[in-house]
Amino acid sequence: MMAGEKEKSFQFVVVGGGIAGVTCVEQLSSQLPSAAVALITAGPHIKAVTNYKQISRTLEEFGVEEQPSSVLEEKYPNLTVIHSAVKSLHTQSHTLETTDGRVFGYEKLCICSGGRPKLLTQDKPYVLGIRDTDSAQEFQKRLSKAKRIVVIGNGGIALELVYEVEGVEVIWAVKDKAIGNTFFDAGAAQFLIPSLKADKPDVAATCKRPRYTTEEPLQTFTADRNSRGRNSSTTESGSALGPDWHLGIVLRGAEKVSRRVSVEYQCEVKKILTSEELLLSPEQTLKPDSGSWPVYIQLTNGKTFGCDFVVSATGVVPNTEPFLHGNTFALAEDGGLRVDDHMMTSEPDVYAAGDVCTACWEHSRLWQQMRLWTQARQMGWYAGRCMAADVLSEPIELDFCFELFSHITKFFNYKVVLLGKFNAQGLGPDHELLLRCTKGQEYVKVVLQGGRMVGAVLIGETDLEETFENLILNQMDLTPYGEELLNPNIDIEDYFD
Ligand SMILES: Cc1cc2nc3c(=O)[nH]c(=O)nc-3n(C[C@H](O)[C@H](O)[C@H](O)COP(=O)(O)OP(=O)(O)OC[C@H]3O[C@@H](n4cnc5c(N)ncnc54)[C@H](O)[C@@H]3O)c2cc1C
Ligand SMILES: *[C@@H]1O[C@H](CO)[C@@H](O)[C@H](O)[C@H]1NC(C)=O
């Protein structure tokens, strides 16, 4: 088949209407207002950062709102938003083809196509992955009729999910020795576990946190549904949900119970069987508990559970496929497009940012990539600046935000701040931990190496984030303070200010 006629060329093309893509487009359009910029995105809506707040040197907070793309076009007159999915990329000819058959040219391209959920089995109807508003809606619909669900995974999404659902029995299978392994150590997990047993507070305690949708989220969802015409391609995928994706969606099962979570540790999924398959199964080991369920899940610890459906929250795989064919992108082990310290992929004039890319520059000692909202924004913004610097032939250095990993979120209704090598990632045996914990109130962990602070986990209203961020950034020798560092009777700020 012959490639279609090139419809239009743009100086900059950005693919993906998630946080990374939208931030990149905004940066390009405001820095170079007369440049022709195009945003090509599969979904009908775009994600916009709202109420951005810099809390300290590296900590930031913001909300995310799904908006119609016209909002962007009104703000930036030289920006064109194209609603279609990219089908293929030809880096030689600097063109992209969309699923509706159009061909667009670019001078510089930034791929921000995000990720899609890693599913356990692609073809099982009883396995659900949560990624975008559509899948969250599907989850809610199925949950309302469910008595028992099995949640697989141990990252942020699984953590939020098991905490937020009500009226359903939850079996939570984690591959690690403790819950929340991506974010916490066993101590922090122990601190959080009682929250799963307690009843959820009626009104969520106030806590500054990024919101996913600020107002009338349910209407946003409905609009999302309606605007997807019947002819919209099935390959189209929306943006990843952000923090608070569950706000405004009632996550309630069919049962009257408020919460019943049991955790199965250190196990993975061995097999998923429908009730028919179970009956036909020759295996003697399959002795499920009583009752009849639509689906059965066999874990590697030998237990089998029946349930209404399985939620797979085992992370995301970078959305790279449409871009790979015919090109020679260098891919990282996790499947992401490798990018250097200018967010450039291995293909000329092609940049990437957000969940789709893997940061392959030499990282600062205190930073690591995690596929999170803040990093999607930071990378999109920095990629835009790098692309602009490139056409202006200006030098640009790796941004300060990549000096120190920092993340602020909320788990089990506690404020959570993570700094640097918060879990002693890659530190080797010569590190030390200091801990302070008040049950039900706060959990403070400090990671020290050579007497200097290299990471921290702060759960609860500790008010320590700024001081600790400073101590990590200035790498002051803390040996003289010893354990006094965490003495609750000492106002640590007085020490160091
Ligand atoms: C349920 C859930 C909860 C989460 N909770 C948190 C949290 O609490 N805190 C946090 O920091 N992070 C959280 N995350 C992660 C966070 O949402 C992502 O890291 C972030 O949204 C990534 O942004 P992105 O712009 O790279 O990609 P995405 O937001 O995934 O956007 C990708 C965009 O690309 C478009 N696209 C994809 N393929 C194509 C194509 N072929 N052609 C054209 N367009 C295409 C999509 O339509 C979409 O607009 C959560 C994720 C999920 C799924
Ligand atoms: C849009 O681009 C044109 C030409 O490239 C330029 O003249 C015009 O000023 C730009 N618009 C804005 C609002 O900057």
Side-chain angles (χ1 to χ4, degrees), residues 11 13-25 29-30 32-37 39-47 49 60-62 64 66 69 75-79 81-89 96-99 110-118 129-136 139 153 155-161 164 183 209-212 233 235-247 249 311 313 315-316 318-323 336 352-357 369-380 383 407-411 416 418:
Q11 187 170 17
V13 171
V14 177
V15 179
I19 287 298
V22 170
T23 311
C24 182
V25 151
S29 299
S30 51
L32 304 170
S34 57
V37 181
L39 174 66
I40 306 182
T41 188
H45 289 96
I46 54 116
K47 287 259 157 95
V49 169
E60 53 182 38
E61 255 183 353
F62 55 84
V64 170
E66 259 186 351
S69 56
K75 206 157 142 201
Y76 305 105
N78 283 334
L79 169 70
V81 181
I82 297 156
H83 289 285
S84 188
V86 171
K87 190 169 72 183
S88 59
L89 163 66
L96 289 155
E97 197 175 342
T98 52
T99 46
C110 190
I111 301 175
C112 306
S113 50
R116 57 188 163 72
K118 227 187 262 172
I130 296 187
R131 178 65 188 167
D132 49 29
T133 37
D134 272 7
S135 54
F139 172 65
I157 298 171
L159 270 172
E160 282 203 55
L161 200 96
E164 292 299 335
F183 294 104
R209 80 174 287 207
R211 286 175 67 102
Y212 158 54
S233 157
T235 59
E236 293 183 6
S237 52
S239 314
L241 299 170
D244 278 5
W245 54 276
H246 47 78
L247 274 195
I249 329 178
V311 186
V316 295
N319 254 332
T320 55
E321 310 86 306
F323 309 99
D355 280 10
V356 76
C357 79
Q369 182 179 6
M370 285 182 87
R371 288 189 165 83
L372 296 166
W373 238 27
T374 25
Q375 290 195 355
R377 196 203 65 81
Q378 291 166 342
M379 286 179 171
H407 184 55
I408 184 160
T409 187
K410 203 169 146 192
F411 286 122
V416 174
L418 305 170

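Both ligands and their constituent atoms are indexed starting at 1 by order of listing.
Each of the following atoms of ligand 1 lies closer than 4.0 Å to a heavy atom of Gly43: 47 (O). Ligand-side atoms of ligand 1 in range of Ile19: 25 (O), range being under 4.0 angstrom from any heavy atom. Ligand-side atoms of ligand 1 in range of Ser84: 43 (C), range being under 4.0 angstrom from any heavy atom. Less than 4.0 angstrom separates some heavy atom of Ile130 from each of these atoms of ligand 1: 1 (C), 53 (C). Residue Val15 has at least one heavy-atom neighbour below 4.0 Å for each of these atoms of ligand 1: 42 (N), 43 (C), 44 (N).
At least one side-chain heavy atom of Thr320 sits less than 4.5 Å from a side-chain heavy atom of Val356.
Looking only at protein heavy atoms, the nearest one to atom 13 (C) of ligand 2 is Pro77 CG, 3.5 Å. Given atom 7 (O) of ligand 2, the protein heavy atom at minimum distance is Ser34 CB, 4.9 Å.
At a 4.0 Å cut-off, at least one heavy atom of Arg371 sits close enough to ligand 1 to count as contact. Heavy-atom distances between Gly156 and ligand 1 stay at or above 4.0 Å for every pair. Within the 4.0 Å heavy-atom cutoff, Lys410 does not count among the residues contacting ligand 1.
Classification of the Phe411-Phe183 ring pair by plane angle, with boundaries at 30° and 60°, yields tilted.
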